[in-house]
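These notes are about the structure you will find just below.
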Amino acid sequence: MLTIHHLYADMMNLYGDRGNVISIRKRCEWRGIPVDVVDVGLGERVRPTGCDLFLFGGGQDREQALLADDLSGSKGADLRAIVDDGGVILGVCGGYQLMGHHYETPEGEKLPGVGIFDLHTEPRKPDEARLIGNVLVDVPAPEAREERRIVGFENHGGRTYLGDCKPLGRVVSGFGNNGGDATEGARRLNAYGTYLHGSLLPKNPWLTDQLILSALRRADDTIELEPLEDSVERSAFASMAGRLSGK
Ligand code: GLN
């Protein structure tokens with residue numbers, strides 16, 4: 001049984017990031033893999049089962065401020081330990097920002113992050129616009145021994161700067177972490193951070209399966225995933241990727 005831990009499901013679900021839960025659940029069910037979804041709200045601790053996938057969606061500054069305090073105690077320490085042990089987590093936008101050291105709001109408030117990634121996020125300057133639009137990213141995927149691409153939609157004011165931390169990928173089209181260094185997201189062990197909403201996973205089935213396989217192999221490292229008939233997902237990806245790469 002794969003357990004999807006949906007962090008702050010009712011608060012951090014901007015631009016339909018709940019679609020990431022649906023995509024993982026369906027790609028497991030289509031393969032006969034039992035899935036349970038657990039919402040982890042304010043004041044609730046994460047309770048790993050041994051075969052887990054953690055999702056942390058996007059949210060406005062107001063929601064981020066509400067849950068930064070909740071993350072600053074044992075819950076944040078639990079999540080750091082899970083990642084250090086190779087646990088699988090995907091953070092999107094506001095959730096991604098809080099996986100770093102801090103997220104500074106436009107009002108100058110520094111919201112503490114969990115410290116999973118060595119990164120921080122600064123507010124946009126008064127004369128800077130929010131970073132909004134469709135995004136195409138080249139992602140080194142060592143698991144697949146090749147470079148893959150992902151598409152999505154970004155809408156964030158924050159500018160994220162990586163320290164000693166690998167990006168998830170390189171921006172082909174769009175802004176990415178800060179609109180300046182061509183990095184997008186972050187990756188450490190099986191922790192993934194990205195600005196890509198969409199939601200991200202339905203149009204990027206290879207990444208969905210990579211997350212599922214990594215989670216399942218924590219319980220049984222011999223597991224393989226049977227291929228799915230996902231021509232619809234792939235054509236959705238190709239349509240956007242083609243538009244963004246000018247092909
Ligand atoms: N509040 C954060 C920002 O604007 C993240 C927004 C989001 O999750 N889309 O940068």
Side-chain angles (χ1 to χ4, degrees), residues 4-18 20-21 38-46 48 52-84 87-124 130-131 152 154-168 175-178 183-201 211:
I4 300 172
H5 303 258
H6 193 181
L7 302 178
Y8 310 106
D10 54 347
M11 296 166 71
M12 299 296 276
N13 176 37
L14 210 53
Y15 308 116
D17 287 338
R18 182 181 299 276
N20 293 327
V21 177
V38 174
D39 288 354
V40 184
L42 286 174
E44 295 174 336
R45 293 194 69 165
V46 290
D52 307 283
L53 211 166
F54 298 84
L55 294 178
F56 194 175
Q60 302 290 1
D61 293 5
R62 178 168 42 84
E63 285 90 359
Q64 289 175 282
L66 285 174
L67 53 92
D69 183 52
D70 188 57
L71 282 169
S72 59
S74 53
K75 188 180 240 161
D78 290 345
L79 289 170
R80 272 194 307 279
I82 285 164
V83 169
D84 292 345
V88 184
I89 182 169
L90 169 68
V92 178
C93 202
Y96 162 43
Q97 292 170 337
L98 290 177
M99 290 168 72
H101 296 307
H102 67 262
Y103 165 59
E104 185 176 349
T105 69
E107 294 70 37
E109 187 186 5
K110 281 193 180 180
L111 304 180
V114 178
I116 286 171
F117 296 125
D118 180 14
L119 60 83
H120 73 281
T121 301
E122 299 173 2
R124 67 190 175 100
R130 288 180 68 82
L131 302 179
E154 64 185 325
N155 181 339
H156 52 105
R159 271 74 169 156
T160 295
Y161 297 93
L162 304 180
D164 180 17
C165 176
K166 289 193 182 337
L168 177 61
F175 297 106
N177 279 329
N178 52 56
T183 65
E184 201 296 311
R187 171 88 193 270
R188 180 168 79 86
L189 300 172
N190 284 318
Y192 299 71
T194 181
Y195 271 113
L196 272 59
H197 296 284
S199 44
L200 171 68
L201 295 181
L211 294 172

Legend entry - Pairwise side-chain contact, Leu79 with Leu7, heavy-atom cut-off 4.5 Å (strictly under): yes
Inset, instruction - Kindly write out the residues that satisfy side-chain contact (heavy atoms from CB on, under 4.5 Å) with Pro48, not counting sequence neighbours, or none if the list is empty. - result: Asp52, Phe54, Ile82
Inset, instruction - Spell out, as yes or no, whether a donor-acceptor pair under 3.5 Å connects the side chain of Thr105 to the backbone of Glu107. - result: yes
Inset, instruction - Return the set of residues passing ring pair (Phe, Tyr, Trp, His ring centres under 6.0 Å) with Tyr103 (not counting sequence neighbours), or none when no residue passes. - result: none
Inset, instruction - Report the C-alpha separation of Leu168 and Leu196 in whole Å, then their side-chain angles, then the decisive distance to 0.1 Å, and conclude whether the side-chain contact (heavy atoms from CB on, under 4.5 Å) test is met. - result: CA-CA 11 Å; Leu168 177 61; Leu196 272 59; over 6 Å; no
Legend entry - Sequence-distant partners of Arg130, side chain to side chain donor-acceptor pair (under 3.5 Å), two or more places apart: Asn155
Legend entry - Residues that Glu184 engages under side chain to side chain donor-acceptor pair (under 3.5 Å), provided they are two or more places apart: Thr194
Inset, instruction - Scan residues 64-83 for pairs that pass salt bridge (charged side-chain N to carboxylate O under 4.0 Å, His left out), counting only residues two or more places apart or in two chains. - result: Arg45-Asp78, Asp70-Lys75
Legend entry - His102: ring pair (Phe, Tyr, Trp, His ring centres under 6.0 Å) partners, not counting sequence neighbours: His120
Legend entry - CA sep, side-chain torsions, deciding dist, call: Phe56, Leu71, side-chain contact (heavy atoms from CB on, under 4.5 Å): CA-CA 12 Å; Phe56 194 175; Leu71 282 169; 3.8 Å; yes
Legend entry - Spacing of Gln64 atom CD and Met11 atom CE [to the nearest 0.5 Å]: 10.0 Å
Legend entry - With Arg62 via side-chain contact (heavy atoms from CB on, under 4.5 Å) - residues at least two apart: none
Legend entry - For Tyr96, side chain to side chain donor-acceptor pair (under 3.5 Å) partners two or more places apart: Asn177
Inset, instruction - Can you sort out the partners of Asp84 under side-chain contact (heavy atoms from CB on, under 4.5 Å), two or more places apart, ordered by chain and number? - result: Arg188
Inset, instruction - Mind listing the closest non-hydrogen atom pair of Pro112 and Ala68 along with its distance? - result: O-CB, 3.8 Å
Inset, instruction - With sequence neighbours excluded, tell me which residues meet side chain to side chain donor-acceptor pair (under 3.5 Å) with His6. - result: none
Legend entry - Nearest-0.5 Å distance that lies between atom OG1 in Thr121 and atom NE2 in His101: 10.5 Å
Inset, instruction - Output all residues satisfying side-chain contact (heavy atoms from CB on, under 4.5 Å) with Glu44, sequence neighbours left out; order by chain, then residue number. - result: Val40
Inset, instruction - Report the residues that fulfil salt bridge (charged side-chain N to carboxylate O under 4.0 Å, His left out) with Arg187, sequence neighbours left out, ordered by chain and then residue number. - result: Glu143
